[in-house]
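Working notes, structure below.
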Amino acid sequence: MHKPVAGHGRIASAAGAVEAGGDTHLAGRTVDALEGLSGVHPGERRAHAKGVCCRAVFTPSGLAAGITTAAHLCEKGREIEAFVRFSGSSSDPSLPDLLSPGKGLAVRFGPPGSDSSVLTAVTIPVFFAKTPESFLDLIKEANRLKGGGIGAVAAAAELAAHFPEARHSLMHIGKLLPPASYATCRYYAIHVFNLIDGAGNRRPVKFEWMPELGVETLPMAEFRSLPEDYLELDVAARMKEGPIRFRLNIVLGREEDPMDDPTLPWPDDRDRIDAGMLDVTDVIDDPDADGLAMDPTATGPGIEPSDDPILRFRSPVYGESWRRRRLGE
Ligand code: HEM
């Protein structure tokens, strides 16, 4: 189905967004490669194609006030309007929820504009490529393996053998079980960002969302009886009873931690700040809402993207994916 989104679709850019200059040619080739995974689905995202958009409110705890000027993180108790999109990681929008391994949570704090801040997160803590070039090589290899009819487990083993940097991430993907709900996943923003305080001091951090209900996966006995859209149906049903809640943790990095390599984790014992609570309140029943693109480098004032080349490359890639789907391609 054609789904041009020219009307309300817009790139969620903000102060701090990396200029989309970068390698736009490489970005185009990367989107081509992503299209190879499940074909072109006109009007849809080239990754995380299936999703549900919701209204939300974020209430900062104020505990991060000393280390950032970002309004949504430091003004204690102020209710910040937010836009949320839950998604499955596949590039195929018709893939049943059960079959798409990783899940995503994209949040825009504040109304669209230069002060809004985007945070995208997934259910694995590390990524499978450390440079745009290796990401492209890996997706091309995945396409080649798929063309050869090889199963998912064997394909993952092949990829791990050829791309050692992907091993950690592939191990996490291999262990993922279908979640009971989007509301019971822990989501990691993976990359390092710098928080900037009023004096201009920078502090490297990572972000993660902790589900208020705890992490819960689906009992295997339920797999067969599930509707294809079970996660979307569940979100709508839950919110009739009350908001779905996530706590935002800011993980404080130390000097010795890797700062620009998303394939490497930080040690678990890093200090964390409880930065506030996200209340997801209701589904946005408007197809145009889905037209929005969440540029992960659009961080707004008080936060800046690190030099992680994958993080910076995501900006032109998301721009290209958005451009194509906006034209109904
Ligand atoms: C080179 C690395 C990556 C590439 C090429 C890539 C590519 C894409 C593309 C093409 C989209 C659709 C964009 C749109 O049309 O709006 C997308 C969406 C998304 N990606 Fe990535 N991605 C990368 C890394 C990551 C990482 C590291 C994360 C996790 C932190 C992530 C999380 C997401 C999420 C949550 C969405 C859905 C956003 C929404 O709901 O609008 N991606 N990605």
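First listed ligand is number 1; within each ligand, the first listed atom is number 1.
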statement: Tightest non-hydrogen contact, residues Arg45 and Ala49, listed as O-CB, 3.5 Å
query: Should the ring pair His191 and Phe193 be called parallel, tilted or perpendicular, given that the plane angle runs from 0 to 90° and is split at 30 and 60?
result: perpendicular
message: Among all protein heavy atoms in this structure, tell me which lies nearest to atom 40 (O) of ligand 1, with the distance rounded to 0.1 Å.
response: Arg85 NH1, 2.7 Å
field: Nearest neighbour in protein (non-hydrogen) for atom 16 (O) of ligand 1
entry: Arg325 NH2, 2.7 Å
task: Give the single entry among Phe127, Phe313, Tyr187 that approaches atom 2 (C) of ligand 1 most closely by any heavy atom.
output: Phe127
message: If I compare all heavy atoms of Lys130 with all of Thr263, which pair ends up nearest, and what's the gap?
response: N-CG2, 3.7 Å
message: Starting from atom 5 (C) of ligand 1, what is the nearest protein heavy atom, named by residue and atom, and what distance separates them?
response: Phe135 CE2, 3.4 Å
query: Counting from 1, what ligand 1 atoms have a heavy atom of Ala121 closer than 4.0 Å?
result: 35 (C)
message: Quick check on contacts: which atoms of ligand 1 are under 4.0 angstrom from a heavy atom of His191?
response: 27 (C)
query: With a 4.0 Å cut-off, would you call Asp234 and Arg238 a salt bridge?
result: yes
- request: Check whether more than 12 heavy atoms from other residues, nucleotides or ligands sit under 6.0 Å from atom CD of Glu228, and answer yes or no.
  value: no
message: Looking at every heavy atom in both Trp209 and Leu248, which two are closest together, and how far apart are they?
response: CZ3-CB, 3.5 Å
query: Between Phe313 and Phe135, is the ring centre distance below 6.0 Å?
result: no
message: I need the atoms of ligand 1 closer than 4.0 Å to a non-hydrogen atom of Ala189, numbered in the order shown.
response: 30 (C)
- request: Considering heavy atoms of the protein only, find what lies nearest to atom 41 (O) of ligand 1 and give residue, atom and distance to 0.1 Å.
  value: Arg45 NE, 3.0 Å
field: Greater than 12 external heavy atoms within 6.0 Å of Asp285's CG
entry: no
message: With ring-ring contact (aromatic ring centres under 6.0 Å, His included) as the rule and sequence neighbours excluded, what pairs involving residues 241-297 come up?
response: Tyr187-Phe246
task: Could you list the atoms of ligand 1 found under 4.0 angstrom from a heavy atom of Ile310?
output: 1 (C), 2 (C)
task: Measure Glu320 to ligand 1 on non-hydrogen atoms and call it side chain, backbone, both or neither using the 4.0 Å cut-off.
output: neither
task: Would you kindly specify which portion of Pro132 sits under 4.0 Å from ligand 1, judged on non-hydrogen atoms: side chain, backbone, both or neither?
output: neither
- line: Counting from 1 in the order shown, the ligand 1 atoms closer than 4.0 Å to a non-hydrogen atom of Ser321 are 10 (C), 12 (C), 13 (C), 14 (C), 15 (O)
Per-pair distances, 0.1 Å, donor-acceptor, side chain in residues 147-154, under 3.5 Å, sequence neighbours excluded:
none

query: Should the pair Arg272-Glu208 be classified as a salt bridge under the 4.0 Å nitrogen-to-oxygen rule?
result: yes
- request: Sort and list the pairs that fulfil salt bridge (charged side-chain N to carboxylate O under 4.0 Å, His left out) and have at least one residue in residues 63-76, not counting sequence neighbours.
  value: Glu75-Arg78
- prompt: Short list, please: which atoms of ligand 1 are under 4.0 Å from a heavy atom of Ala106?
  reply: 38 (C), 39 (C), 40 (O)
statement: Listing protein N, O or S under 2.8 Å around atom 21 (Fe) of ligand 1 gives Tyr318 OH
